[in-house]
Every structure is written in C-alpha cells, then in structure tokens.
Amino acid sequence: MATKKTSRPKTSGKRVSARAAAKPARSKSVSSKATSLRDATPSFTVNDIEKSLAWYRDVLGFTTGERWEDGGKLFGVEMAAGDVTFILGQDDWKKGRNRVKGEGFRIYCTTGQDVDRLAEGIKARGGTLLREPGDSPWGTRAFAVEDPDGFKITIASEPKR
C-alpha cells in the first residue's frame with residue numbers, strides 16, 4: 001500500500017502573514033478538488049418585477065443596483081442589502097403563466113443587526129412575517145418572510161459563540 005507523503009508548503013523565502021499562519025489546517029476529509037465558494041447571488045424569476053422591486057426596496061429595505069431594460073421595459077434588477085445581492089428577473093412566461101414559484105426553496109441570510117428591530121421595521125412598512133423572531137437551539141435569533149412570489153427568506157442573527 002502506498003503512503004502519501006505530505007510536506008509543508010514552500011514559502012520561497014517570503015514572509016507569511018500572521019493571519020495566514022493562524023489559518024487552521026484543512027480537514028483531512030476535504031480534498032484539493034472540493035468546491036470552495038465565497039459568495040452567492042440568488043436569482044428569482046418573478047411575476048411582476050415592479051411589484052417585487054417595490055417589495056424588496058420598500059418593505060425589506062434593500063437598495064436598487066443595476067437595472068436591465070429592453071426598449072424601456074424593465075426585465076431585471078439587482079437588489080442589495082449589505083453584502084448580499086438578489087437578482088430579480090421578469091418571467092417571460094415561456095414555461096406557462098400558472099407555474100408555482102418559491103416552492104421548496106428558502107434563502108437563509110445572517111445579519112449583525114438587531115433581528116427584532118428589523119422584523120418590527122418590516123411589519124411597520126406593511127410586511128407580513130411568516131415567523132416572528134425566535135431563538136434557535138444553535139444560537140441564532142431569526143424570523144421569516146415571504147416575497148410576493150412565494151420565495152421564503154429567513155433573516156437570522158449571527159450565532160452566539
């Protein structure tokens with residue numbers, strides 16, 4: 001049976017920052033071919049892009065980023081909240097007008113903000129919560145909303161350490 005020999009990475013005489021040196025070693029179960037992501041941008045196909053844009057902006061408090069138009073008609077928009085970006089795209093109805101959206105799908109977002117205050121602000125701006133703020137066994141406090149097309153979003157505090 002062959003044994004895989006491991007060695008320390010060569011630094012070519014370069015200094016290694018304290019931050020890099022302090023990084024924990026990779027788990028042995030993670031291969032060098034494992035996917036490693038840093039960010040995600042969900043894209044939602046919506047029935048009425050103007051209605052969805054208004055809901056994300058006016059109810060959730062997202063800001064509007066890039067807009068994509070064709071012939072003066074809006075067909076896509078980028079919505080941002082802190083470091084999180086969602087893309088809203090107008091349904092072209094090629095898959096039918098009656099298809100269900102948002103089913104079996106939920107986005108979890110974390111925030112450093114006060115979750116109870118965020119939830120109260122959403123309700124004050126006309127939003128409805130699917131779930132009131134509550135504590136989880138894993139140390140977060142979270143609430144849930146549903147957008148006009150049925151996409152569910154949970155907003156949670158960062159876990160207590």
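Quick note: numbers below take in every heavy atom, side chains included, and nothing from hydrogens, waters or symmetry partners.
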Colleague: Using every non-hydrogen atom in the two residues, find where K152 and G102 come nearest and quote the distance to one decimal.
Modeller: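 So the minimum-distance heavy-atom pair works out to NZ-O, 3.7 Å.
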
Colleague: State the CZ-CD distance between R106 and E146, to the nearest 0.5 angstrom.
Modeller: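 These two atoms lie 8.5 Å from each other.
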
Colleague: Please evaluate residues R117 and E120 with respect to the criterion salt bridge (Lys or Arg N to Asp or Glu O under 4.0 Å), reporting the C-alpha separation (whole Å), side-chain torsions for both, the decisive distance (0.1 Å), and the verdict.
Modeller: CA-CA 5 Å; R117 184 174 286 158; E120 286 304 316; over 6 Å; no

Colleague: Are any side-chain N or O atoms of K95 and backbone N or O atoms of W93, one a donor and one an acceptor, separated by less than 3.5 Å?
Modeller: no

Colleague: Could you walk me through whether S136 and R141 pass side-chain hydrogen bond (donor to acceptor under 3.5 Å, both in side chains), step by step?
Modeller: CA-CA 6 Å; S136 70; R141 185 159 178 81; over 6 Å; no

Colleague: Spell out, yes or no, whether L60 and I107 are grouped together once hydrophobic residues are joined by side-chain heavy atoms under 4.5 Å, including indirect joins.
Modeller: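 Yes; tracing contacts between hydrophobic side chains, which count when under 4.5 Å, links both residues.
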
Colleague: With a 4.5 Å heavy-atom cut-off, do T110 and Y108 have their side chains touching?
Modeller: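 No, too far: nothing below the 4.5 Å cut-off.
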
Colleague: Are F62 and I87 connected into the same hydrophobic cluster when the rule is that any two of I, L, V, M, F, W, Y join if their side-chain heavy atoms are below 4.5 Å apart?
Modeller: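 No.
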
Colleague: Take D58 and R125 through the test side chain to side chain contact (heavy atoms under 4.5 Å, CB included) and record every step on the way to the result.
Modeller: CA-CA 7 Å; D58 302 338; R125 294 186 295 273; over 6 Å; no

Colleague: I need the minimum non-hydrogen distance between A156 and V115, along with the two atoms involved.
Modeller: C-CG2, 3.9 Å

Colleague: Of the non-hydrogen atoms in P133 and D116, which two are nearest, and what is the gap between them?
Modeller: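 Nearest pair, atom of P133 first, then D116: CB-OD1, 3.3 Å.
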
Colleague: Tell me, do R57 and T63 make a side-chain contact under 4.5 Å, heavy atoms counted?
Modeller: no

Colleague: If you count the non-hydrogen atoms of other residues, nucleotides and ligands that lie under 6.0 Å from CD in E103, is the total more than 12?
Modeller: no

Colleague: Could you check if a side-chain atom of E158 sits within less than 4.5 angstrom of a side-chain atom of T111, using non-hydrogen atoms only?
Modeller: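 Sidechains of T111 and E158: no contact.
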
Colleague: CZ of F86 to CZ of F151: how many Å apart, nearest 0.5 Å?
Modeller: 10.5 Å

Colleague: Are S52 and D149 close enough, and set up right, to give a side-chain hydrogen bond (donor to acceptor under 3.5 Å, both in side chains), and what steps lead you there?
Modeller: CA-CA 8 Å; S52 291; D149 291 284; 3.2 Å; yes

Colleague: Atom CH2 of W55 and atom CE of M79: how far apart are they, to the nearest 0.5 Å?
Modeller: 10.5 Å

Colleague: With a 4.5 Å cut-off on side-chain heavy-atom distances among I, L, V, M, F, W and Y, is there a chain of contacts connecting F105 to V145?
Modeller: yes

Colleague: Any chance you could lay out the side chain to side chain contact (heavy atoms under 4.5 Å, CB included) test for Y56 and D147, step after step, and finish with the verdict?
Modeller: CA-CA 8 Å; Y56 279 92; D147 85 352; 2.7 Å; yes

Colleague: Roughly how far apart are L53 CG and E78 CD, rounded to 0.5 Å?
Modeller: 11.5 Å

Colleague: Does the side chain of T154 reach to within under 4.5 Å of the side chain of C109, using non-hydrogen atoms?
Modeller: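 Heavy-atom side-chain distance check fails, nothing below 4.5 Å.
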
Colleague: Are W68 and I49 connected into the same hydrophobic cluster when the rule is that any two of I, L, V, M, F, W, Y join if their side-chain heavy atoms are below 4.5 Å apart?
Modeller: no

Colleague: Is it true that, when you exclude D83 itself, more than 12 heavy atoms of the residues, nucleotides or ligands shown sit nearer than 6.0 Å to its CG?
Modeller: no

Colleague: Show, in sequence, the C-alpha distance, side-chain angles and deciding distance for D91 and K101, and conclude whether the salt bridge (Lys or Arg N to Asp or Glu O under 4.0 Å) test is met.
Modeller: CA-CA 10 Å; D91 197 332; K101 295 181 175 70; 2.8 Å; yes

Colleague: Quick check against the 3.5 Å criterion: does Q90 have a side-chain atom that pairs as donor or acceptor with the backbone of T45?
Modeller: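 No, because the side chain of Q90 does not come within donor-acceptor range (under 3.5 Å) of the backbone of T45.
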
Colleague: Going from CG on L88 to CZ on F75, what distance comes out if it is rounded to the nearest 0.5 angstrom?
Modeller: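 With rounding to 0.5 Å, CG (L88) is 13.0 Å from CZ (F75).
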
Colleague: Provide the closest heavy-atom pair for R67 versus T64 in the form atom of the first, atom of the second, distance.
Modeller: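 Looking at all heavy atoms of both residues, the shortest contact is CG-CG2, 4.2 Å.
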
Colleague: With rounding to the nearest 0.5 Å, note down the distance linking CG in L129 to CD1 in I155.
Modeller: 9.0 Å

Colleague: Is there a salt bridge (Lys or Arg N to Asp or Glu O under 4.0 Å) between K73 and E50 once you walk through the steps?
Modeller: CA-CA 10 Å; K73 186 169 170 98; E50 294 290 351; over 6 Å; no

